[in-house]
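FYI, side chains are in, hydrogens and waters are out, and symmetry mates aren't considered; it's all heavy atoms of this structure. Every number for a ligand or one of its atoms is a count from 1 in the order of the listing.
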Amino acid sequence: MKFDSKTPGGLLEDKWSKHIFDIKLVNPSNKRKFEIIVVGTGLAGASAAATLAELGYNIKAFCFQDSPRRAHSIAAQGGINAAKNYQNDGDSVYRLFYDTIKGGDYRSREANVYRLAEVSENIIDQCVAQGVPFAREYGGLLR
Ligand SMILES: Cc1cc2nc3c(=O)[nH]c(=O)nc-3n(C[C@H](O)[C@H](O)[C@H](O)COP(=O)(O)OP(=O)(O)OC[C@H]3O[C@@H](n4cnc5c(N)ncnc54)[C@H](O)[C@@H]3O)c2cc1C
């Protein structure tokens, strides 16, 4: 059986950005006509649910833990912080991409990891705005 990941075609660096650009926009007044089901409430699901709800969509978020906050995400310390390189020790968006591919034993979908790295700084800003604490130095900067 061939597993179809439905990753968009094209060059690695263009796959997701081109796909997103090609998607039709939804008129703000039509957003409330859509019901979106989000399965899982880790950082990905919970932030997607909160963001889409803020945009006006009707959201139903499902999880199977006692509390929606008990996803794997609770264990993360903030490796994605590397993208910001506050410590000026050689981290970067590219290194986040490289390390995530390597850390995934080269089995991760490259295009999706590329997209993660590409928008990593925005992900941090979005999550912080939505209340995710992230690992921090005593001075308050991201660790
Ligand atoms: C121990 C540990 C340490 C980590 N450390 C770091 C770190 O330091 N830095 C870093 O950047 N990343 C780290 N990670 C990775 C990071 O936590 C994950 O990449 C990230 O949290 C994934 O978020 P997610 O929302 O995609 O998935 P998850 O947080 O795993 O959320 C998925 C949710 O979906 C639910 N779910 C699955 N199937 C169903 C279903 N059928 N119905 C309902 N719910 C369902 C799950 O129960 C879960 O709640 C760590 C991970 C672990 C486990």
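- In the hydrophobic clustering of this structure, Ile123 does not group with Phe97; members are Ile, Leu, Val, Met, Phe, Trp, Tyr whose side-chain heavy atoms approach within less than 4.5 Å, directly or through other members.
- Nearest to atom 8 (O) of ligand 1 among the protein's heavy atoms is Gln77 N, 2.9 Å.
- Given atom 42 (N) of ligand 1, the protein heavy atom at minimum distance is Val39 CG1, 3.4 Å.
- Here the heavy atom of the protein found nearest to atom 31 (O) of ligand 1 is Gly42 CA, 3.4 Å.
- When only non-hydrogen protein atoms are considered, atom 1 (C) of ligand 1 lies nearest to Ala75 CB, 3.5 Å.
- Val93 is not connected to Tyr86 by any chain of hydrophobic side-chain contacts under 4.5 Å among Ile, Leu, Val, Met, Phe, Trp and Tyr, and they are in different clusters.
- For atom 19 (O) of ligand 1, the nearest protein heavy atom lies 4.0 Å away or farther.
- The contact set between ligand 1 and Ile80, taken as ligand atoms under 4.0 Å from a residue heavy atom, comprises 11 (O).
- In terms of protein heavy atoms, atom 30 (O) of ligand 1 is closest to His72 CB, 3.2 Å.
- When Phe134, Phe62, Phe64 are ranked by how near their heavy atoms come to atom 36 (N) of ligand 1, first place goes to Phe64.
- Protein heavy atoms are absent from the space less than 4.0 angstrom from atom 51 (C) of ligand 1.
- Remark: ligand 1 atoms within the under-4.0 Å shell around heavy atoms of Gly79 are 7 (C), 8 (O), 9 (N), 10 (C), 11 (O).
- Using a 30° and 60° split on the angle between ring planes, Trp16 and His19 fall in the perpendicular class, above 60°.
- If you number the atoms of ligand 1 from 1 as listed, the ones under 4.0 Å from a heavy atom of Leu43 come out as 25 (O).
- With Ala71, Ser73, Ser47, Gly40 as candidates, the residue nearest to atom 27 (O) of ligand 1 on a non-hydrogen basis is Ser73.
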Run the side chain to side chain donor-acceptor pair (under 3.5 Å) check on Lys33 and Asn30 step by step: do they pass? CA-CA 5 Å; Lys33 297 178 188 164; Asn30 285 336; 2.8 Å; yes
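- Using a 4.5 Å cut-off on side-chain heavy atoms (C-beta onward), Ile80 and Leu96 make contact.
- Looking at Asn81, its side chain never comes within 3.5 Å of a backbone N or O of Leu142 through a donor-acceptor pair.
- You'll find the side chain of Ile36 stays beyond 4.5 Å of the side chain of Lys60, heavy atoms only.
- Within the 4.5 Å cutoff, the side chain of Arg143 has no heavy atoms near those of the Arg136 side chain.
- The closest protein non-hydrogen atom to atom 26 (O) of ligand 1 is Ala44 CB, 3.6 Å.
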Does the side chain to side chain donor-acceptor pair (under 3.5 Å) test come out yes or no for Gln126 and Thr51, once each step is laid out? CA-CA 9 Å; Gln126 178 183 351; Thr51 303; 2.6 Å; yes
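- Of the protein's non-hydrogen atoms, Ala76 CA, 3.7 Å is the one closest to atom 4 (C) of ligand 1.
- A donor-acceptor pair under 3.5 Å links the side-chain atoms of Gln65 to the main chain of Arg70, judged by distance alone.
- The part of Gln65 lying near ligand 1 is the side chain, judged by heavy-atom distances below 4.0 Å.
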